[in-house]
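Let me begin by presenting the structure, written as structure tokens, before commenting on it.
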There are 2 protein chains.
Amino acid sequence: MAATGVEAAFRMLEGRWKMVIIFHLFDRAVLRFSELERAIPGVSQKMLIQQLRDLERDGIVERVVYPQVPPKVEYRLTPWGQAMCPALDALLEWAAHRPPPKAGPAPCAD
Amino acid sequence: MAATGVEAAFRMLEGRWKMVIIFHLFDRAVLRFSELERAIPGVSQKMLIQQLRDLERDGIVERVVYPQVPPKVEYRLTPWGQAMCPALDALLEWAAHRPPPKAGPAPCAD
DNA sequence: CGGGATCCAGGACGATACTG
DNA sequence: CAGTATCGTCCTGGATCCCG
């Protein structure tokens, strides 16, 4: 199995806010910086920008700048970014099947 | 979309060595501590133990201790841990479809 | 409005030595 | 062999201030 490929993919998605950003972009498709900032309470501008840059550099999100007097920047998922939906879905499915962490004491194993 | 579920799943798999460990356990099924240590060059015992504990606490790997004079501990994936194979596969598939980061200058967009 | 720069705290990671 | 304890380093994430 190609561990390296999955590892690389994981490294891209690691980061405190990347998933949140991605899910917001799955939901709304196109969002401005300030909209993301408002949609994600608790994130600092620095982190938002940083994670956004990472995602952009990795080809997951796309950044569109409108050269206007009040600056306007839009963020959206690239086609490849959208393509990770089934992978996220599979992961979600897996997470949903998590068995309870066996709280009760084993009745037969002393 | 349930961002929280995927986020939680991701947090479990974050960590410099967890993926490596998991893939080794996918490959060999059962491994002793020293075998993992040898199979993963560059990892310190501390990190190996730490990541192993995390994976164990999250119900992904199982730890079997043999009460012998030379201590013997085996690690293997739990059924749930093995169940994440399709998710990893989907992620790998997604990673494989990554388009090249557009190196050439756009010929039509000046 | 969007984003860069700087400073700072905390946790992840790593090397080493020691124990049962 | 398997694991713990301690220490140090680096990187991540956060607050604040500054710029076009």
Side-chain angles (χ1 to χ4, degrees), chain A residues 3-4 7-25 28-58 60-77, chain B residues 3-4 7-25 28-58 60-77:
Chain A
T4 53
E7 258 198 288
F10 252 88
R11 307 290 295 212
M12 287 181 189
L13 301 175
E14 269 178 34
R16 180 73 181 80
W17 306 101
K18 290 190 184 168
M19 282 308 212
V20 195
I21 293 172
I22 288 171
F23 274 94
H24 275 284
L25 287 176
R28 292 277 318 254
V30 178
L31 286 171
R32 299 184 52 176
F33 185 86
S34 52
E35 288 179 316
L36 276 170
E37 202 175 349
R38 245 175 297 114
I40 308 176
V43 71
S44 63
Q45 291 103 336
K46 173 191 171 182
M47 288 317 299
L48 186 53
I49 258 300
Q50 182 177 299
Q51 311 268 301
L52 241 16
R53 296 282 185 200
D54 281 358
L55 290 171
E56 185 192 2
R57 203 192 45 223
D58 291 333
I60 295 172
V61 305
E62 194 177 1
R63 181 162 160 271
V64 183
V65 184
Y66 295 85
Q68 300 177 353
V69 178
K72 175 179 171 183
V73 181
E74 288 182 348
Y75 294 91
R76 68 194 67 192
L77 290 174
Chain B
T4 54
E7 259 197 287
F10 253 87
R11 307 289 296 211
M12 287 181 189
L13 301 175
E14 271 178 32
R16 180 71 183 80
W17 305 102
K18 290 190 184 169
M19 282 309 212
V20 195
I21 294 172
I22 288 171
F23 274 94
H24 275 283
L25 288 177
R28 292 276 320 255
V30 178
L31 286 170
R32 299 183 53 174
F33 185 85
S34 53
E35 289 178 315
L36 276 170
E37 202 175 349
R38 245 176 296 114
I40 308 176
V43 72
S44 61
Q45 289 109 332
K46 174 192 170 183
M47 287 318 297
L48 188 52
I49 257 299
Q50 183 177 299
Q51 312 267 303
L52 241 16
R53 298 280 185 202
D54 281 358
L55 290 171
E56 186 193 1
R57 205 192 42 223
D58 290 334
I60 294 171
V61 305
E62 194 176 359
R63 182 162 159 271
V64 183
V65 183
Y66 295 86
Q68 301 176 354
V69 177
K72 176 179 173 184
V73 180
E74 288 181 348
Y75 293 91
R76 70 195 65 194
L77 290 174

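Residue numbers begin at 1 in each chain, while the letters A, B, ... track the order of the sequences. What you see is a predicted model, and the numbers here were worked out from it, not measured in a lab.
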* With no hydrogens and no angle check, is any side-chain donor or acceptor of B:Q51 less than 3.5 Å from a backbone partner on B:W17? -> yes
> Hey, is the main chain of B:L55 close enough, under 3.5 Å, to the side chain of B:K18 for a donor-acceptor pair?
Replying inline: no
Considering only heavy side-chain atoms of B:F33, the closest of C:dA15, D:dG3, C:dG3 is D:dG3
Below the 4.0 Å mark, does [N] have OP1 or OP2 next to a side-chain nitrogen or oxygen of [X]?
X     : N      : result
B:Q51 : C:dC13 : yes
B:R53 : D:dT4  : yes
B:R32 : D:dA2  : yes
B:R63 : D:dG3  : yes
B:W17 : C:dA12 : no
A:S44 : D:dT16 : no
B:Y75 : D:dC1  : no

Given the options A:L77, A:L31, A:D54, A:V61 meets side-chain contact (heavy atoms from CB on, under 4.5 Å) only with A:L77
I need the [atom1]-[atom2] distance between [X] and [N], as an integer number of Å.
X     : N      : atom1 : atom2 : answer
B:L48 : D:dA2  : CG    : C1'   : 10 Å
A:E14 : C:dG11 : CD    : P     : 18 Å
B:M47 : D:dT6  : CE    : P     : 18 Å

Notebook entry, point to check: Would the number of heavy atoms belonging to other residues, nucleotides or ligands and lying under 6.0 Å from CZ of B:R28 be above 12?
Noted result: no
Sugar-phosphate only, base, or nothing, as touched by B:Y66 at under 4.0 Å among non-hydrogen atoms:
nothing
Result for 5'-nearest mapping on DNA chain D, choosing between A:P71 and A:Q45, is A:Q45
Per nearest nucleotide of DNA chain C, the residue lying toward the 5' end, A:P70 or A:I49, is A:P70
